[in-house]
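Reviewing the structure listed below.
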Amino acid sequence: MQTVLVTGSAGFIGYHLSECLLRQGFSVVGYDGMTDYYDVALKQQRHALLSAHPQFTATEALLEDFARLREVVLAARPEIIVHLAAQAGVRYSLENPRAYVDANLVGTFNLIECAREVGARHLLIASTSSVYGANTAMPFAEGDKADTPLTLYAATKKAGEVMAHAYAHLHGLPTTCFRFFTVYGPWGRPDMALFKFTRGILEGTPIEIYNGGEMYRDFTYVGDLVRAIRLLIDAVPPHPSNAGPGVPGDTLSPVAPYRVVNIGNGQKVRLADFVDAIEAECGRKADRRLLPMQPGDVPATWADNRLLKALTGYAPQTPLREGVARFVAWYRDYYGV
Ligand SMILES: NC(=O)c1ccc[n+]([C@@H]2O[C@H](COP(=O)([O-])OP(=O)(O)OC[C@H]3O[C@@H](n4cnc5c(N)ncnc54)[C@H](O)[C@@H]3O)[C@@H](O)[C@H]2O)c1
């Protein structure tokens, strides 16, 4: 049985990924600091659900606690490490930038260092579409320059990618960095639009819509995202000296077993249309407060997902309306509304 270390296992994506891996017969070692960026009860419940599975164990500790992290990694000796733990959120990085430096720079360095020491077969690291920053050419492709981050969140995520490249090169540590595009679905994050809009609509309180609704996002259903991660686990980047002809658009580094892959739905949806879909599912109209563009926000994201398809034969496919329906059903059930 293969062991996978999942950092951020009590988080939104970490929970879904761990669940998927356990169902497929992997042994999952979770690691999560249970930070209070949002309701910790949600994180505890996700871990409690995973703990019902005999092949799941979890440690509650911060990535910054290097001694603890190292102890867990050396004891588990995972073949695969999926690093999802991070201080997430674009807007909060204006309020508390240091949290991003601690979790995403120091934390990610600690994790990469442990992956090297244990000799993991494949290290997979979550990055974000935010690294495309001020780029305007759409859709965003992995080969595009990503040197103009607009927030410290994006800057720390980009730094994680480049630190990982150096380790992949120096230590031959096969590494995939994925750039996620606005992930949504059941057990989602309370700081994200779908959660906030659903809560506002069901409670009859106003919802804040930035840039007057002239915002576009490539919404990616969490079940599709997790499936893509699962398939990418097997797409271990080869050392470039052993690589065959490769796949079109491959981002394989010329000097390291390292690549970057977008995981996005491949469609951009107007925020106002997204709100329409949530209203339809809730059976109520939203009280929309149109606000200006927020500092650090980008007007649009849209993934070129051809590399994901070329590497895995898979592309996300859940229609927005269906994904929103699954979220609203979960929300109503979870909060009893
Ligand atoms: N959800 C999205 O739309 C999205 C988009 C792009 C990238 N990402 C990235 O995907 C990953 C997972 O995101 P998510 O949406 O599941 O977020 P999440 O906040 O639900 O999960 C992150 C988990 O990491 C844990 N964590 C935070 N700081 C930690 C630390 N210093 N030490 C140990 N644990 C810590 C948190 O307690 C949390 O459970 C993150 O790396 C995020 O940056 C997410």
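What's counted below: heavy atoms across the whole structure, side chains too, no hydrogens, waters or symmetry copies. Just so you know, ligand 1 is whichever comes first in the structure, and atom 1 is the first atom listed for that ligand.
Among residue pairs with one or both ends in residues 238-267, those qualifying as salt bridge (Lys or Arg N to Asp or Glu O under 4.0 Å) are D250-R259; sequence neighbours excluded.
For the pair K43 and Y15, the cation does not sit on the ring face, since its NZ or CZ is not both under 6.0 Å from the ring centre and inside 45° of the axis.
Remark: the N104 side chain and the Y100 side chain contain no N/O donor-acceptor pair separated by less than 3.5 Å.
For a heavy-atom separation below 4.0 Å, the residues in contact with ligand 1 are G8, A10, G11, F12, I13, D32, G33, M34, T35, Y38, K43, A61, L62, L63, E64, L84, A85, A86, A88, A103, A126, S127, T128, Y153, K157, F180, T182, V183, R189, M192.
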Taking only distance into account, with no hydrogens and no angle test, what donor-acceptor pairs under 3.5 Å do side-chain atoms of residues 159-169 form with protein atoms, sequence neighbours excluded?
| from | atom 1 | to | atom 2 | distance (Å) |
| --- | --- | --- | --- | --- |
| E161 | OE1 | R179 | NH2 | 2.8 |
| E161 | OE2 | S127 | OG | 2.6 |
| E161 | OE2 | R179 | NE | 2.9 |
| H165 | NE2 | S253 | OG | 2.8 |
| Y167 | OH | E113 | OE1 | 2.5 |
| H169 | ND1 | V255 | O | 3.0 |

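Relative ring orientation between F181 and F140 is described as tilted, the plane-to-plane angle lying within the 30° to 60° band.
Connectivity analysis of hydrophobic side chains (ILVMFWY, heavy atoms under 4.5 Å, direct or indirect) links V298 to L150.
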